[in-house]
Amino acid sequence: MPWPTERRHLGQATPRLDGAAKVSGSAKYAYDVNLPGLLYAVVLYSPHGRARITKLNTDPARRSPGVRALAARRQVGSELRYHGEYIAAVAADTEAQARDAIRAIQIEYEVLPSCATEEAALAADAPKLLNEGNVSRGEPRSRGDVDSGLRAGAATYENTFRCAVMTHACLETHGGVVQYEDGGKVTVWSSTQAVAGVRNDLARSLQKSPADVEVICEYMGGGFGGKLGGTMEESTAAELARQAGRPVKLLLDREQDQTFAGCCRSIVATVKLAADANGRLTGADCSSYGTGGIGGRGGISFPYIYNVGASRHQHTDVFTNQGNMRALRAPGSPKSSWVMESAMDGLAEKLGIDPVLFRQRNLPQGSYWVRQLSEGAQRIGWDQRPKTGSQTGRYRTGYGCALAQWGGGGHDSNARVAIHHDGKVEIWCATQDIGTGSRTVMAVVAAETLGLNPTDITVYVGRGSYPPSGGSGGSTTIGGIAPAARAASEAALAKLFERIAPGLGAAPGDLEAYPGGIRRKGQTGGLSWQEACGRLGPETIDVTAAKDRSLGGSGVNGAQFAKATVDTETGVIKLDRIVAIQDCGLVVNRLTCESQIFGAVTMGIGLALFEQRILDPTSARMLNPNLEFYKLAGASDIPPIEVLLEDHPERGVIGVGEPPYIPTAAAIGNAVANALGVRVTDIPLTPAKVLAALAGKGGSA
Amino acid sequence: MNSFELARPTTLAEAAQMLAEKPAETAALAGGQDLLALLKDDVLAPSRLVNLKGLPGLGSIEVDRQGALVLGALVSLDAVASSPLVQKGWAVVAAAAAAAATPQIRNIGTVGGNLCQQPRCWYYRAAELHCARKGGEACLAVVGDHSLHSIFGEVGCLAPNMSALANPGTCLGGSLRLHGPQGARTVSLVDFYAPLKQSLATATALRPGEFVTHLVLPAATGWATAHEEVRARQSSDWPLAMATAALRLTGGNVTAARLTLGALAPLPWVADAEVAVLQGKRPTLALCEQAAAVVVGKAAPLPLNEYKVTITRHLVRRVLARAAGLGEG
């Protein structure tokens, strides 16, 4: 059945079903799981960017008070390639004992020359970090005659844009609790974005059947792509638990979370764009490199979303001594947007064409973006945008915009619905709530389908053994679970009709759910939901269904506008306003949808202004593996964010977790460039870089 | 973190004795906002903590008979910030306390702890690294990342003094009452931090067994003051620079000028001599700017913290101008 045209709950603002549990503290996260006999695990990890272990004696740790198990991950002779790399883990009766035991391990290192930056790794005399070298050069991709295209332009713009390596910085660090049950089954409470995926991965690494592994994640404190797999914490905890015969809790400390547990690649992209006098792009060329740690690979997309007849892009991955990248909210896309959208503004300035108009001339005609740009411009007050570089005072205000594109099509998913004779409705799905409101959206869909209210539905998520669903990556969750909830609710309702129709002297097909009850189609009055379910007797309706693919779509668009004021005496940027326009197909729950956009924009502010993994240039040791100097945007840094949420029910459900993160930094960068008349080409836009650009060092037009 | 003994003295004399027994292995505990983090990170590993919180007479905000403000070492930063007494007579001190850290830390962190906090440096605070401040050969920030470090005051360590109270306290001629095995004594804030210039091993004038009992700020009557800090992130961040200015104006002319900078040198950086260019003159923006240029003329930045010179030049001009009543400068 398609989505209903008259919607009671879909698209409305439904508060989170688990909101009270979260704010009252009754919601239990992996860290909150405490079991009888629980042991605490602590990890010994490399303090060096690059070193070889010359001595390793774990005996003192084994003999240390309270220690019950020890797992070594590296040996004498092992080369450690980044700060935070696992060496060994111990489990003890208390966390303090485990920490003491780790300190009792006798270990010595030969510190080796390291590469903290891409430039260091690219240098001719750089130490060779991997057998295959420090560099992986990608094939150039091109279409059309790029050189002619660039020559044909009435104006060209060339610049090099940079973006630092950043980390996921989840408030809840990676890890979980592992318990071996009687009979050899294993239960894992994990902070994960993929209960089903971790269940399969862990089963493989423990050489067990998935049937004998349960993965539980009731709530999680942030993942952002870094908790989709990579079960090092869980498999280490499992080894310790097996050795000790007791449950083990292993959650990384903040330092290792920041160094080992994922990052987002850097980018250094030299871009050249050309456009004709009418403002149509004629050529685009990009040469980029970046690092995603000691083995991470991946660049940017170029020329991003724009129509250019002739374009070329070549990317080189550079390996450096830092923990590897993992997916991070729309991997690569915020950087693609930063590079291309910055260059677009630069070229618009040279052409003397308004940046909004310039974009509209180079986008597919009739695309959402063309309209979204006009709407956003109006909403932010684009007509107040000053001429770039025209201001001279201490505080200078500018306006900027940028665009986003993402897929967000749903993954495969199933759901199980039970209807009981007392009217209670339950729904199960092996998805997880990574903060996006999975329980609430499934309840909204079930309530809409059954004629109930979302608070009438009890939703169970966060167990790998529930009906299969996908990991929460790529904004694919809602497009999986909402259609699955719809399909399973419909199937359960059909069963209910079958069971009660004879008593009503009707055919099942004559019945329909209406708000609060069941009735013959077209008639007023009928059985209340309770009355109808009361006719079921003890035999509960219990059905599982796969999602109906026709209920989901893919492909979303967004535009964001930023107004920013720069203090030219301090280099500090203050954001005045952000306007975020976003489509995502059918809006399931307006509150959690808007919440995703607020969160994404906030994270985009961090990308633009604050976040960067700072490594010591000599040792490649991370200097800010904390939340004190690894700075996230806080409340006082967040301006009013106005969300213009487009509802397109005809397109079905599409995910929105990632796309609003994509354009924020580029929009802010363009606002700063408009304010100053000089472009700061390197995010985060720190006071040091802003002041250097103003002084004519490190910036450009 | 090492296991440690928690000693709970109830008198000043007892506290001094407990601190003096094994001074190298003993640390004084008040709010613990700095100390506990250093213990957890294995930067410090004392075998005894002497908890000062049970000591009498260290928890009040008072004005003495000479009109001086006397802040007990155990008074919280929040109490300093929200005290009408402090706000009225020593507004720059209240402002500095209000700008420090987060509400949670201001509720727990104390006056004494704020003044005695350890160096704020990511090399110093990494247990595995042996920097000059910990007896190592070199300041690792010099060849490393010193983007948040000092631009003034060559002492062989670039870690800046981040004490929110030391900055205006020094500018206002403040002093500290200390208590030790030999009883009580008073030292000026300038002298309290001065030993660092002689040796990195002596961060303060505290002798074995001594601890801070009070911060004393003379009456600021007759002084026009201004304080400001610059930070990159508006929601709780360590400052990139702090400045307090105090001017005495007679008949519209400057008869005395003081300036202290924070977060820019290993100790509160007194630039009274540099702002003496204002002496005897009617203050103008141009004059403030001139004084600021003289102040930063003493800076010796490294490549990554050169931007702090620009920030400081403008900051000094602004605080001087505000103190002089020239508006926001």
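To find a chain, count down the sequence lines: A is the first, B the second, and so on, and within it residues start at 1.
- Within 6.0 Å of CZ in B:R8 there are 12 or fewer heavy atoms belonging to other residues, nucleotides or ligands.
- Heavy-atom distances place the side chain of B:D42, and not its backbone, under 4.5 Å from chain A.
- Listed by sequence position, B:A126, B:E128, B:L129 are the residues of residues 126-133 of chain B in contact with chain A, using a 4.5 angstrom heavy-atom cutoff.
- Against chain A, the residues from residues 313-325 of chain B that qualify, each with a non-hydrogen atom under 4.5 angstrom away, are B:H314, B:R317, B:R318 in number order.
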Which pairs would a plain distance check flag for residues 158-165 of chain B, meaning a side-chain donor or acceptor within less than 3.5 Å of a matching protein atom at least two apart in sequence or in another chain?
{"residue": "B:N161", "atom": "OD1", "partner": "B:S163", "partner atom": "N", "Å": "2.9"}
{"residue": "B:S163", "atom": "OG", "partner": "B:N114", "partner atom": "O", "Å": "3.1"}
{"residue": "B:S163", "atom": "OG", "partner": "B:N114", "partner atom": "OD1", "Å": "2.7"}
{"residue": "B:S163", "atom": "OG", "partner": "B:L165", "partner atom": "N", "Å": "3.4"}
{"residue": "B:S163", "atom": "OG", "partner": "B:A166", "partner atom": "N", "Å": "3.0"}

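- The part of A:L627 that comes within reach of chain B is its backbone (N, CA, C, O), which places non-hydrogen atoms under 4.5 angstrom from that chain.
- Note on B:V143, B:L140, B:D237: by heavy-atom pairs under 4.5 Å with chain A, the leading option is B:D237.
- For a residue to count as touching a neighbouring chain, one of its non-hydrogen atoms must lie under 4.5 Å from one of that chain's; by this rule A:A635 touches chain B with the backbone only.
- With rounding to the nearest 0.5 angstrom, the CG atom of A:L632 is 7.0 Å from the CZ atom of B:R233.
- Interatomic distance, CZ of A:F629 versus SG of B:C121, reported as 8.5 Å (0.5 Å rounding).
- Contacts between A:T686 and chain B at a heavy-atom distance below 4.5 Å are absent for every atom of the residue.
- By the 4.5 Å heavy-atom criterion applied to side chains, B:I311 and A:E569 are not counted as neighbours.
- Here the closest heavy-atom approach between residue B:A232 and residue A:F610 is recorded as O-CE2, 3.5 Å.
- To the nearest 0.5 angstrom, B:K308 atom NZ is 13.5 Å from A:T570 atom OG1.
- Ranked by heavy-atom pairs under 4.5 Å with chain B, the list A:R99, A:R394, A:K631, A:R103 is led by A:R103.
- Residues B:R120 and A:E628 are in side-chain contact: their nearest non-hydrogen atoms beyond the backbone lie under 4.5 Å apart.
- Looking at heavy atoms from C-beta onward, A:V572 lies in side-chain contact with B:Q234 at the 4.5 angstrom threshold.
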| task | Check the pair B:W122 / A:N626 against side chain to side chain contact (heavy atoms under 4.5 Å, CB included), numbers first and verdict last. | result | CA-CA 10 Å; B:W122 42 35; A:N626 47 48; over 6 Å; no
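- Residues of residues 615-624 of chain A that come closer than 4.5 Å to chain B, counting heavy atoms only, are A:D616, A:P617, A:T618, A:R621, A:L623, A:N624, ordered by residue number.
- No part of B:D41 comes within reach of chain A, as not one of its non-hydrogen atoms sits under 4.5 angstrom from that chain.
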